[in-house]
Amino acid sequence: MAEPAALPADLPPTFPWHTPLIKQIESAWQQDRLPHALLLHGQPGLGKRRLAEWVARGLLCEAPRDHLVACGHCNGCRLAKAGSHPDLTVVTPEEGKQQLSVDQVRTVSEWLVMTSHQQGWKIAIIDPAQLMTVAAANSLLKTLEEPPARSLLILVASSLQGLPATLRSRCQRLAIPRPPTALALGWLHETSSQAIPAQVLEFTGGAPLRALEVHEAFARLDEEMRSSLADVLAGRAEVTRVAQFWAKEALPDRLAWLDLWLMSLARQAIAGTLDLVTFPEQPVPLPTNANVLNISHLYRLADRIRELKSQLQRTALNRDLAAELLLAELLTAFTRRQPQ
Ligand SMILES: [Zn+2]
């Protein structure tokens, strides 16, 4: 999706689907049993970094409290809020780089063993942790084997792939769950001044923050996909031209849209299935003589789309050709007359 709108700045520090994890972390803190390393993982759009920062703020707050939530007024809170707390550091890829280098990780490891400025916790957030090079991840292992007292390393990862098993096993892993649909939709309704339809949430794989970010771009994509697909299926548009257009811009998003569209047709085909989220609300009009595809055929087409999507991520595919073959396959599936 080309230009997602920025997330509103006034979002709360944590989200309702974080509550069970917060309770877990808070209880460990109350019993003075916090681990030295947390690995927060989950798909993009669930607020992992926010949770990491919330935990850091709670630990850096200097006010005596029963709960981990930061007071917001003490010296520690003021410094953390201003982004200038000397005992908190956030490591992200350097500008223009796709990886976290061994030098960055070594620097943060050396920093962690130094005495804290405020005689409290020292916290390093590494985000996204899965972008550490192998050497960087290995250099972190030493720190995890002999963690300095009152230090906390928070690794934030949207995928556990790419993180060595030796590293994962030395962290307490906390998966940020995808919220139930009703909770996510309720939260979107309360948070956004604009109505965000359920299909946007479905398009983002159930990630509410991502839905908030992309809903405007999704509305444009949805309209465009409906009309171009309807044109192709009705024979009003050439497959090659439409394929070129799809290949040129946001092809992975178009594939995700097609996947949802096929799944919605499959759901419609399953009698008695009542799903909270149905996509699209108004199906793309199929030509009057269109084949009614059975469920296994729809799933086969969806599988094909998912495979293409993963190929796009892994290999340098000829996008024009891939889009054209896919469109031709859809056209054949929906309009070819079956032999009697
Ligand atoms: Zn405070």
Side-chain angles (χ1 to χ4, degrees), residues 1 4 7 21 25 34-56 59-60 83-116 121-176 178 205 207 209-210 213 251-252 306-307 309-317 319:
M1 194 143 292
L7 284 173
L21 289 178
I25 297 168
L34 264 185
H36 287 286
L38 289 175
L39 170 52
L40 298 181
H41 63 99
Q43 68 186 89
L46 297 176
K48 297 184 291 294
R49 172 72 166 272
R50 288 276 182 136
L51 182 57
E53 286 170 355
W54 185 88
V55 172
L59 293 180
L60 294 171
S84 55
H85 199 295
D87 294 322
L88 172 62
T89 188
V90 180
V91 186
T92 55
E94 283 163 357
E95 212 179 318
K97 299 272 172 65
Q98 295 297 316
Q99 288 187 313
L100 286 159
S101 71
V102 64
D103 285 344
Q104 284 181 288
V105 171
R106 271 199 198 123
T107 307
V108 80
S109 298
E110 284 162 14
W111 175 87
L112 263 183
V113 297
M114 283 166 11
T115 318
S116 90
W121 284 84
K122 267 183 102 89
I123 302 151
I125 298 173
I126 299 187
D127 181 21
Q130 77 274 10
L131 294 189
M132 281 189 285
T133 62
V134 175
N138 284 336
S139 84
L140 202 57
L141 280 179
K142 288 193 205 103
T143 314
L144 293 176
E145 274 157 15
E146 291 167 30
R150 285 173 84 71
S151 70
L152 177 65
L153 196 59
I154 308 181
L155 304 182
V156 178
S158 57
S159 154
L160 291 179
Q161 275 181 353
L163 282 175
T166 42
L167 186 71
R168 298 201 301 252
S169 66
R170 281 168 177 79
C171 302
Q172 183 176 347
R173 277 160 58 172
L174 294 175
I176 309 222
R178 191 169 50 194
L209 299 175
R210 180 100 182 106
E213 237 179 326
L251 186 56
R306 286 167 204 178
E307 196 191 309
K309 211 175 152 199
S310 103
Q311 277 177 340
L312 278 176
Q313 285 166 350
R314 287 183 283 113
T315 55
L317 216 59
R319 290 179 165 228

Sequence neighbours excluded and cut-off under 3.5 Å, please list the side-chain donor-acceptor pairs for residues 87-102, or say none.
from, atom 1, to, atom 2, distance (Å)
Asp87, OD1, His117, N, 2.9
Asp87, OD2, His117, N, 3.2
Asp87, OD2, Gln118, N, 3.1
Ser101, OG, Gln104, N, 3.2

> What's the shortest heavy-atom distance between His36 and Ser151, and which atoms?
Replying inline: ND1-O, 3.3 Å
> Which atom pair, heavy atoms only, marks the closest approach of Leu59 to Trp121?
Replying inline: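 Closest pair (atom of Leu59, atom of Trp121, distance): O-CD1, 3.8 Å.
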List, one per line, each side-chain donor-acceptor pair under 3.5 Å for residues 154-165, sequence neighbours excluded.
from, atom 1, to, atom 2, distance (Å)
Ser158, OG, Gln130, NE2, 2.8
Ser159, OG, Gln161, N, 3.0

> Roughly how far apart are Ile25 CD1 and Trp54 CH2, rounded to 0.5 Å?
Replying inline: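 These two atoms lie 7.5 Å from each other.
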>> How long is the straight-line distance from NE2 of His41 back to CZ of Arg173, given to the nearest 0.5 Å?
In response: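 Between atom CZ of Arg173 and atom NE2 of His41 there are 5.0 Å.
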Listed partners of [X] passing side chain to side chain contact (heavy atoms under 4.5 Å, CB included), at least two apart:
| X | result |
| --- | --- |
| Ser169 | none |
| Arg306 | Asp259, Met263, Ala302, Asp303 |
| Glu307 | Gln311 |
| Ala37 | Leu144, Leu153, Cys171 |

> Which pairs, with at least one residue in residues 147-165 and sequence neighbours excluded, count as a salt bridge (Lys or Arg N to Asp or Glu O under 4.0 Å)?
Replying inline: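 Listed once each, the pairs would be none.
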> Counting distance only, does the side-chain N/O of Lys48 pair as donor-acceptor with the main-chain N or O of Gln43 below 3.5 Å?
Replying inline: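 At least one qualifying donor-acceptor pair exists.
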>> Among residues at least two apart in sequence or on other chains, which ones pass side chain to side chain donor-acceptor pair (under 3.5 Å) with Arg49?
In response: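 Result, side chain to side chain donor-acceptor pair (under 3.5 Å) vs Arg49: Glu53, Asp127.
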> What residues form a side chain to side chain donor-acceptor pair (under 3.5 Å) with Glu145, not counting sequence neighbours?
Replying inline: Arg170
Contacts under 3.5 angstrom, residues 106-115 side chains, donor-acceptor by atom type, not counting sequence neighbours:
from, atom 1, to, atom 2, distance (Å)
Thr107, OG1, Asp103, O, 2.6
Ser109, OG, Val105, O, 3.0
Ser109, OG, Thr143, OG1, 3.0

